[in-house]
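Letters go in sequence order (proteins before strands), and every chain restarts at 1.
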Number of protein chains: 2
Amino acid sequence: MTMARPGGRTARVRAAVVRAVGDALVEHGLAGVDLADVARRAGVGKTTVYRRWGTVAAAVAELVDDMVETSVPRAATGDLESDLRANAELVRSTLADPRQGRLLTALIGAARADERTAAALRRFYDARVREWEPCVAEAVSRGELPAGTDPAEVVRAVSAPLYYRLLTHGELPTEAARDRAVAAALAAARAGVYVV
Amino acid sequence: MTMARPGGRTARVRAAVVRAVGDALVEHGLAGVDLADVARRAGVGKTTVYRRWGTVAAAVAELVDDMVETSVPRAATGDLESDLRANAELVRSTLADPRQGRLLTALIGAARADERTAAALRRFYDARVREWEPCVAEAVSRGELPAGTDPAEVVRAVSAPLYYRLLTHGELPTEAARDRAVAAALAAARAGVYVV
DNA sequence: TAGCAAACGGGACCGTTGTTCCGTTAGTCT
DNA sequence: AGACTAACGGAACAACGGTCCCGTTTGCTA
């Protein structure tokens, strides 16, 4: 009988290759990744990698698929500013972390050239935003923000300046930048900019 | 006697190669660029490209160097909101343009892996920001914004959300997003978030 | 306008990536 | 437990990117 074989060796090979793709991305960036090198790093036959993935883009997309699964629980203090700061600090420390930061920026570049990677990355960010939306939604129902405020938009407004500086200027986000991002998102939200 | 030869054939070759690098970036993204292909596109000997640039990174960096030179003059209506909207519209239309948008995002990815490209890209964005700073500075001196407001920070605040959505979600910025970006930057600036 | 050197280009060469073939290993099912 | 088959891996091969050599072009300078 014919069946899928998700367990055992296959899974081990998959994990080793996905990890190796991540390492290669962190070290050389997307342009420096080739599957022969990935196979060597993973301690896996070159043939296997080419058979199962075939292209760098497909392997990278699978890496992002994995990242979507790993969830980081949010803080919920009940105070909007504290919650947004906790979110901003999570983003800041992720971007400032040598491995995570390089990985994310490499993936952002990869997504522009491969639709499957782009779709996976969208799911990744959507999941993060959805995790933090309730903080804002509760603040709206408490009356701290105008009724009709779009919670997702507020959460994204916190991340945007941190990503922007990193991607256009290569600057790792500082604590000051984090606090300014929170203050700006809060001021805009209170002014009703994110009311749908 | 030994001399530099900036004119004539050398300049033509340089221009053709730089253009070809841009085309290749737009089509395949950074990972898909190789100098043999660039030489073919440019109608230039492969040897020439390898001798003068040697690596993809060096050729890309030279492309960005060129982009720094080309300046786009700003509008200055004397009204802060109009000026910021004009700036936002410039950013929006640039990012939404198939060639320019792809090129910029590819360069953002390239900058992470090559310091010379990163430096050139920093100069590029610094020049754009500096071009628009006066609009904000005048608004500050007119008293529309709190004294001590950092003009550059306000200008960057307008761009950030547009770039963020494009890079993380692949969404081309809409007119609505443009206006929201302006409104958010304005609200934050008025609240004194960007006071140094 | 004549000569000279810098820069270009063709072509051969080499190493590495990507492909194919086939034998081996190891989960799965009876 | 034994057999069946999907998946892995080594090895040979092909294709292409990157390097080198040397003759040719081109545009500066006198």
Side-chain angles (χ1 to χ4, degrees), chain A residues 1-25 27-63 65-66 106 110 113-114 116-117, chain B residues 1-25 27-63 65-66 106 110 113-114 116-117:
Chain A
M1 187 187 174
T2 307
M3 283 224 26
R5 296 187 177 184
R9 181 171 58 169
T10 299
R12 271 200 306 280
V13 167
R14 196 189 103 93
V17 168
V18 166
R19 176 194 309 256
V21 168
D23 290 346
L25 274 178
E27 278 183 40
H28 319 296
L30 178 68
V33 178
D34 69 289
L35 295 186
D37 179 51
V38 166
R40 275 191 295 271
R41 287 167 184 266
V44 156
K46 195 171 57 161
T47 313
T48 301
V49 176
Y50 280 106
R51 183 174 27 237
R52 281 189 58 181
W53 290 278
T55 67
V56 172
V60 169
E62 191 138 339
L63 166 65
D65 283 340
D66 270 21
D114 177 64
R116 195 184 144 202
T117 301
Chain B
M1 186 187 174
T2 306
M3 283 223 27
R5 294 188 177 184
R9 180 172 60 171
T10 299
R12 271 199 307 280
V13 167
R14 197 189 103 93
V17 168
V18 165
R19 174 194 310 256
V21 168
D23 291 346
L25 274 178
E27 278 183 39
H28 319 295
L30 178 68
V33 178
D34 69 286
L35 296 186
D37 179 51
V38 166
R40 275 190 295 271
R41 288 168 184 267
V44 156
K46 197 169 56 159
T47 313
T48 300
V49 176
Y50 281 105
R51 183 173 29 236
R52 282 189 57 181
W53 290 278
T55 69
V56 172
V60 170
E62 191 138 339
L63 167 64
D65 283 340
D66 270 22
D114 177 62
R116 194 183 145 202
T117 302

TODO: Report yes if the side chains of A:Leu63 and A:Leu25 come closer than 4.5 Å at any heavy-atom pair, otherwise no.
DONE: yes

Task: Salt-bridge criterion met for B:Asp66 and B:Arg19 (N-O under 4.0 Å) - done: no

Task: Check ion pair A:Arg41-A:Asp37 (N to O, under 4.0 angstrom) - done: yes

Task: Rounded distance (Å) that lies between atom P of D:dG18 and atom CH2 of B:Trp53 - done: 15 Å

Open item on the list: As an exercise, state the distance from OG1 of B:Thr117 to CG of B:Asp65, rounded to the nearest 0.5 Å.
Closed with: 8.5 Å

Open item on the list: Let me confirm one number: the CZ-NZ distance from B:Arg40 to B:Lys46, rounded to the nearest 0.5 Å.
Closed with: 8.0 Å

Open item on the list: For B:Val56 and B:Arg51, find the nucleotide of DNA chain D closest to each by heavy atoms; which residue's nucleotide sits nearer the 5' end?
Closed with: B:Val56

Task: Residue mapping more 5' on DNA chain C - nearest nucleotide basis, A:Gly54 or B:Val13 - done: B:Val13

Task: Point-to-point distance, once rounded to the nearest 0.5 Å, from CG of B:Asp23 to NE2 of B:His28 - done: 9.5 Å

TODO: Sugar-phosphate means primed atoms, P, OP1 and OP2; the rest is base. With that split, encode nucleotides 10-17 of chain D 5' to 3' as B, S or - using protein heavy atoms under 4.0 Å.
DONE: BB-----S

Task: Atom-pair distance (CZ on A:Arg14; P on C:dA26), nearest Å - done: 21 Å

TODO: Classify the side chain of A:Arg9 and the base of C:dA26 as holding, or not holding, a donor-acceptor pair under 3.5 Å.
DONE: no

- [ ] Compare side-chain N and O positions of B:Arg52 against OP1 and OP2 of C:dC8 and report whether any pair is under 4.0 Å apart.
- [x] yes

